[in-house]
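Below: one structure, written as structure tokens.
Note that these values count all heavy atoms, side chains included, but never hydrogens, waters or copies made by symmetry. Below, read A as the first sequence line, B as the second, and so on, with proteins coming before strands; counting in each chain starts at 1. Keep in mind the model is a prediction, meaning the values are calculated, not measured.
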Number of protein chains: 2
Amino acid sequence: MLEANKILKKINLRPTTQRTAIIEYILQKHKVHITATKLITHLKKKKFNISLATIYNNLNELADKGILRKLHVNNDKMWFDSNLQDHYHFYDSEKDELIDIDKNEISFSKIPKIPRGKIKDSINIIISLKSKN
Amino acid sequence: MLEANKILKKINLRPTTQRTAIIEYILQKHKVHITATKLITHLKKKKFNISLATIYNNLNELADKGILRKLHVNNDKMWFDSNLQDHYHFYDSEKDELIDIDKNEISFSKIPKIPRGKIKDSINIIISLKSKN
DNA sequence: TGGATTATTAGAATGATTCTAAACTACAAA
DNA sequence: TTTGTAGTTTAGAATCATTCTAATAATCCA
């Protein structure tokens, strides 16, 4: 059984050709940052036909199941990240690309006091990059 | 001359009633986080009529002139921040509200190496909050 | 194999933002 | 003050990412 389909079985989703293709893509590289548009472009280039709605449905479903994480980078579009470890990101706006920053590449010597009655839900750190000069 | 209009004069924008109203609102509190929709709702409640396009035009213009800073919080909408100091944010998703985190409330003992050929453009830190239990 | 459940899809709907082009306003020169 | 022009505002159309809808198709399991 395909690795992709093992994953689908584990999270209780039917192994359709569309889902398999999406997960194959995610597995292909170690860590993937993807948007719906980038993914459909990639798949169509490989002659794999799929609708945008299906891309969205599945990326969201995989995020719900904990296989991907949603990332807000800017207001353009939703990013999905296959790296589930705690980590942060560089954003290269020229290439429209994310680069992981490992959790242990940033450490804090002082962290802010959380407002009363609240707890931390998530920490988002994005360091936007531009070219030298 | 109104404080708002002094600001407009300084940045070379004509003091229209719309602009004055927007800047008055920003000045009214020490630090303001707004979105276009929140601002138009506020102004209409005060019986001040203005179009959404004008709100957007002006918030963007003020951001260009360095009077406001644009903030990407999530993919919902653009935020504008009148606090020009280096700082970070809590995001209270229940109230859809931002809370400043002063620059000196966070300190880093380790910061990541910037990828070669690039320099840091901006650092965005958002700590999303949820209610205790 | 058949029927129920789950998926996919095209296209419509939504919501934030920007664009367009027409009507309006501030301003400075006469 | 008038007046021409450059700058502004505006309603509504356009755009773009995303979600919704409801019809069709695929998967599953008794």
Side-chain angles (χ1 to χ4, degrees), chain A residues 1-2 4-25 33-44 48-65 67-68 70-80 93 96 98, chain B residues 1-2 4-25 33-44 48-65 67-68 70-80 93 96 98:
Chain A
M1 187 189 268
L2 276 172
N5 291 353
K6 284 188 198 155
I7 291 174
L8 286 171
K9 175 157 243 174
K10 188 161 38 178
I11 59 179
N12 241 314
L13 292 177
R14 292 183 177 173
T16 63
T17 51
Q18 292 84 344
R19 280 189 180 138
T20 306
I22 291 172
I23 299 195
E24 295 273 72
Y25 176 75
H33 303 113
I34 197 92
T35 65
T37 310
K38 284 179 195 289
L39 183 49
I40 200 170
T41 302
H42 171 86
L43 292 175
K44 294 227 186 260
F48 185 87
N49 248 358
I50 189 171
S51 77
L52 239 200
T54 302
I55 298 267
Y56 275 108
N57 287 344
N58 282 298
L59 290 178
N60 280 320
E61 218 149 15
L62 292 174
D64 289 347
K65 299 285 189 171
I67 300 294
L68 293 175
K70 289 186 177 193
L71 271 187
H72 300 290
V73 176
N74 50 36
N75 291 35
D76 286 330
K77 49 194 158 325
M78 180 68 75
W79 287 84
F80 294 85
S93 57
D96 192 30
L98 291 169
Chain B
M1 188 190 270
L2 274 172
N5 290 353
K6 286 188 197 153
I7 292 175
L8 287 170
K9 175 157 242 175
K10 189 159 39 178
I11 59 179
N12 240 313
L13 292 176
R14 292 186 177 171
T16 63
T17 50
Q18 293 84 344
R19 282 191 179 134
T20 305
I22 291 173
I23 299 195
E24 295 274 73
Y25 175 75
H33 303 113
I34 14 164
T35 66
T37 311
K38 283 179 196 289
L39 182 50
I40 200 171
T41 303
H42 171 85
L43 291 175
K44 294 227 187 264
F48 186 87
N49 248 357
I50 189 171
S51 77
L52 238 199
T54 301
I55 298 267
Y56 276 108
N57 287 344
N58 283 299
L59 290 178
N60 280 321
E61 218 148 16
L62 293 174
D64 290 346
K65 299 285 189 171
I67 301 296
L68 293 175
K70 289 185 176 194
L71 270 186
H72 300 291
V73 176
N74 50 36
N75 292 35
D76 286 331
K77 50 194 156 327
M78 181 67 76
W79 287 85
F80 294 84
S93 57
D96 191 31
L98 291 169

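- Here the P atom of nucleotide C:dT18 and the CG atom of B:Asp64 are 11 Å apart, to the nearest Å.
- Counting to the nearest Å, the C1' atom of C:dG15 and the CG atom of B:Asn74 are 13 Å from each other.
- In this entry the distance linking CD1 of B:Ile34 with C1' of C:dA16 reads 16 Å, nearest Å.
- Taking all atoms of both residues into account, the shortest heavy-atom contact from A:Leu8 to A:Arg14 is CD1-O, 4.3 Å.
- More than 12 heavy atoms of other shown residues, nucleotides or ligands fall within 6.0 angstrom of atom NZ in B:Lys44.
- In this structure, A:Ile40 and A:Ser51 approach most closely via the heavy-atom pair CD1-C, 3.9 Å.
- A straight line from CG of B:Asn5 to C1' of C:dC27 spans 14 Å, rounded to a whole angstrom.
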Counting primed atoms plus P, OP1 and OP2 as sugar-phosphate and everything else as base, spell out the protein contacts along nucleotides 8-16 of chain D at 4.0 Å heavy-atom distance: B, S or - for each nucleotide, 5' to 3'. SBBB-----
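- We find that CG of A:Asn60 is positioned 19 Å from P of C:dT6, with the value rounded to whole Å.
- Heavy atoms only, all atoms of each residue included: A:Lys38 and A:Trp79 are closest at CE-CH2, 3.4 Å.
- Between the P atom of C:dT18 and the CG atom of B:Leu59 lies a distance of 10 Å, rounded to the nearest Å.
- The NZ-C1' distance, from A:Lys77 to C:dA16, rounds to 15 Å in whole Å.
- With a 4.5 Å cut-off on side-chain heavy atoms, B:Leu62 and B:Ile11 count as touching.
- Rounded to an integer number of Å, the gap from CZ of A:Phe48 to C1' of C:dT9 is 13 Å.
- Annotation for B:Asn75 and A:Asn74: closest pair OD1-O, 3.3 Å, computed over non-hydrogen atoms.
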